[in-house]
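Notes for the one structure printed next.
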Amino acid sequence: MIQLAVEVALEAGAFLKESVGKVLQIERKFGQETNLVTEIDKKAEEIIIGAIRKKYPDHDFLAEESGSHNKTSEYRWIIDPLDGTLNFTHGVPLYSVSIALEVRGEIVAGVVYEPNLGELFTVEKGKGAFLNKKPIRVSTVNDLIESMVVTGFPYTIQSNPANAIEHFVNILMHAQGVRRLGSAAIDLCYVACGRFDAFWEVYLSPWDMAAAVLLVQEAGGRFTDLHGAPSTVYNKQVLVTNGLLHDKMVEILAMGMKGKMITSRS
Ligand code: IPD
Ligand code: CA
Ligand code: CA
């Protein structure tokens with residue numbers, strides 16, 4: 001089944017890449033001014049679901065643009081056809097396709113494809129994580145001041161910031177650098193392959209992270225909620241690290257949750 005996910009992610013990714021600059025319809029989701037969806041997001045999702053359904057007509061889907069298909073199959077595909085829609089609509093070449101397979105409630109496989117660099121991240125539970133077929137591991141950085149950390153902001157940040165600003169400033173004061181790339185799936189994959197050392201976000205959806213959280217775990221990283229407690233991809237909050245930085249990240253995030261903002265390191 002992973003092979004099918006790979007084939008369809010490559011097909012959808014190629015479609016996204018050739019569609020840059022050709023967007024005709026931009027809609028706002030849930031009345032949120034900054035939360036965009038285009039006809040390209042929807043077509044990419046149709047390509048993915050169509051191909052999987054052809055081979056597995058009884059399987060269920062949880063997909064960003066078409067929601068839950070409400071079947072009773074033990075197999076469910078969790079899909080973000082275009083993670084990084086804002087980048088895509090602005091012509092920024094940083095977006096991805098994310099496809100995960102859940103079997104009886106457990107995520108067992110995943111694929112994230114980033115078509116501009118041609119990077120294909122694949123994972124199967126218990127079999128390790130790979131980038132373009134080569135095994136990947138999380139970093140070994142154990143001091144936050146030597147770490148590169150990445151985050152994202154929810155579309156609801158202007159009405160419900162959920163301490164995202166405090167967290168951002170607090171981590172900025174303790175890390176070597178903080179980045180915001182605009183695709184949570186890529187952020188997570190970059191932790192899995194050691195480019196970043198940690199990632200947190202205050203409000204994600206299962207399709208943003210289902211495939212890539214498994215990649216981080218299989219690459220030796222740790223996944224919890226922002227308090228450091230065990231989590232699932234159905235929790236909105238996510239913290240992943242290389243494991244070595246986890247407790248320190250939790251300690252700093254705890255300050256932000258109390259609304260405390262540190263504006264200098266001394
Ligand atoms: C978004 C991206 C972004 C993250 C947002 C997500 P979308 O997904 O992953 O990096 O910060 O929270 O909603 O809307 O581009 O699929
Ligand atoms: Ca997404
Ligand atoms: Ca999306």
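Just so you know, these numbers come straight off a predicted model, no measurement behind them. Note that the numbering runs from 1 along the sequence shown for the chain.
- A salt bridge links Glu119 with Arg195; the closest basic N to acidic carboxylate O contact falls under 4.0 Å.
- Residues Val150 and Phe168 do not share a hydrophobic cluster, defined by chaining ILVMFWY side chains whose heavy atoms lie under 4.5 Å apart.
- Leu188 and Leu239 are not part of a single hydrophobic cluster, where members link through side-chain heavy atoms under 4.5 Å apart.
- Classification of Glu201 and Arg180 as a salt-bridged pair fails, no side-chain N sitting under 4.0 Å from a carboxylate O.
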Inset, instruction - Could you please spell out the steps behind the side-chain contact (heavy atoms from CB on, under 4.5 Å) verdict for Val97 and Leu16? - result: CA-CA 9 Å; Val97 178; Leu16 295 179; 3.7 Å; yes
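- With salt bridges taken as basic N to acidic carboxylate O contacts below 4.0 Å, none links Asp60 and Arg53.
- Panel note: side chain Glu64, backbone Asp80; no donor-acceptor pair is recorded below 3.5 Å.
- For Thr151 and His167, the side-chain atoms include no donor-acceptor pair closer than 3.5 Å.
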Legend entry - Verdict with reasoning, Ile171 to Met249, per side-chain contact (heavy atoms from CB on, under 4.5 Å): CA-CA 8 Å; Ile171 302 293; Met249 284 291 294; 3.7 Å; yes
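- Ring pair His59/Tyr75 is parallel by interplanar angle, where below 30° counts as parallel and above 60° as perpendicular.
- Rounding to the nearest 0.5 Å places NZ of Lys248 at 11.5 Å from CG of Leu253.
- In the model, Asn235 has a side-chain atom that pairs as donor or acceptor with a side-chain atom of Ser231 under 3.5 Å.
- Within a 6.0 Å sphere centred on NZ of Lys29, heavy atoms belonging to other residues, nucleotides or ligands number more than 12.
- Of all heavy-atom pairs spanning Ala12 and Ala44, the tightest one is CB-O, 4.4 Å.
- Other residues, nucleotides and ligands contribute at most 12 non-hydrogen atoms within 6.0 Å of the CD atom of Gln158.
- The cluster map of Ile, Leu, Val, Met, Phe, Trp and Tyr, joined by side-chain heavy atoms under 4.5 Å apart, puts Leu117 and Phe88 in different clusters.
- Checking side-chain atoms of Thr241 against main-chain N and O of Gly243 turns up a donor-acceptor pair under 3.5 Å.
- Once rounded to the nearest 0.5 Å, the distance linking CD1 of Ile52 with CD of Glu7 reads 11.0 Å.
- The closest side-chain heavy-atom distance from Val240 to Arg222 is not below 4.5 Å.
- Between Val103 and Leu101, the closest side-chain pair of non-hydrogen atoms falls below 4.5 Å.
- With values rounded to the nearest 0.5 angstrom, His174 atom NE2 is found 8.0 Å from Ile145 atom CD1.
- Here the straight-line distance linking atom NZ of Lys55 with atom CE of Met1 works out to 8.5 Å at 0.5 Å rounding.
- Nearest heavy atoms, Val123 versus Ala211: CG1-O, 3.9 Å.
- The backbone N or O of Ile262 sits less than 3.5 Å from a side-chain atom of Asn170, completing a donor-acceptor pair.
- Between Leu244 and Asn242, the shortest heavy-atom distance links the atoms N-OD1, 2.9 Å.
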Inset, instruction - Decide yes or no on side-chain contact (heavy atoms from CB on, under 4.5 Å) for Val250 and Leu226, but give the supporting numbers first. - result: CA-CA 6 Å; Val250 169; Leu226 299 186; over 6 Å; no
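- Leu4 and Val108 fall within the same hydrophobic cluster, where Ile, Leu, Val, Met, Phe, Trp and Tyr residues are linked whenever their side-chain heavy atoms come under 4.5 Å apart, directly or through other members.
- Side-chain contact, Thr38 with Asp41: a donor N or O sits under 3.5 Å from an acceptor N or O.
- Between the side chain of Asp197 and the main chain of Asp143, no donor-acceptor pair closer than 3.5 Å is present.
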Inset, instruction - Determine, step by step, whether Tyr203 and Tyr155 satisfy the ring pair (Phe, Tyr, Trp, His ring centres under 6.0 Å) criterion, reporting the C-alpha distance in whole Å, the side-chain angles of both residues, the deciding distance to 0.1 Å, and the verdict. - result: CA-CA 9 Å; Tyr203 197 91; Tyr155 292 115; over 10 Å; no
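- Under the side chain to side chain donor-acceptor pair (under 3.5 Å) criterion, Glu27 pairs with Lys42, sequence neighbours left out.
- Here Lys125 pairs with Glu106 in a salt bridge; the nearest charged N to carboxylate O distance falls below 4.0 Å.
- The main-chain N or O of Ile48 is never found under 3.5 Å from a side-chain atom of Glu11 such that the two would form a donor-acceptor pair.
- Within the 4.5 Å cutoff, side-chain heavy atoms of Met148 are placed close to those of Arg179.
- Heavy-atom minimum distance, Val20 versus Gly91: CG1-CA, 4.4 Å.
- Cys193 and Ile136 make their closest contact through CB-CG2, 3.7 Å (heavy atoms, listed as atom of the first residue, atom of the second, distance).
- Between Asp225 and Val238, the closest side-chain pair of non-hydrogen atoms is not below 4.5 Å.
- Side-chain contact between Ile2 and Val111 is present, with heavy atoms from C-beta onward closer than 4.5 Å.
- Between Val149 and Trp200 the shortest side-chain heavy-atom distance falls below 4.5 Å.
- Judged by distance alone, the side chain of Lys22 and the main-chain N or O of Glu18 form a donor-acceptor pair under 3.5 Å.
- Leu144 and Val138 fall into different hydrophobic clusters, where Ile, Leu, Val, Met, Phe, Trp and Tyr are joined by side-chain heavy atoms under 4.5 Å apart, directly or via other members.
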Inset, instruction - I would like to know whether Val202 and Phe153 meet side-chain contact (heavy atoms from CB on, under 4.5 Å); could you show each step before the answer? - result: CA-CA 7 Å; Val202 297; Phe153 299 112; over 6 Å; no
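- At least one donor-acceptor pair under 3.5 Å links the side chain of Glu114 to the backbone N or O of Asn116.
- Ring planes of Phe121 and Tyr190: tilted class, angle from 30 to 60°.
- With values rounded to the nearest 0.5 angstrom, Arg76 atom CZ is found 4.5 Å from Leu62 atom CG.
- Listed for the Asn163 side chain is no donor-acceptor partner under 3.5 Å among the backbone atoms of Glu166.
- Side chain of Glu218 to main chain of Gly126: a donor-acceptor pair is present (N/O by atom type, distance under 3.5 Å, no hydrogens or angles).
- Two residues are said to be in side-chain contact when any heavy atoms from C-beta on lie closer than 4.5 Å; Leu120 and Leu131 fail this criterion.
- Not one N or O on the side chain of Asp83 forms a donor-acceptor pair closer than 3.5 Å with the backbone of Ser96.
- One distance of note links CZ of Phe130 with CD of Glu124; it measures 8.5 Å at 0.5 Å rounding.
- Of the N and O atoms on the side chains of Gln32 and Thr156, not one donor lies less than 3.5 Å from an acceptor on the other residue.
- In this structure, the side chains of Thr85 and Tyr95 stay at 4.5 Å or more apart for every pair of heavy atoms.
- Ile78 and Ala210 make their closest contact through CG2-CB, 3.9 Å (heavy atoms, listed as atom of the first residue, atom of the second, distance).
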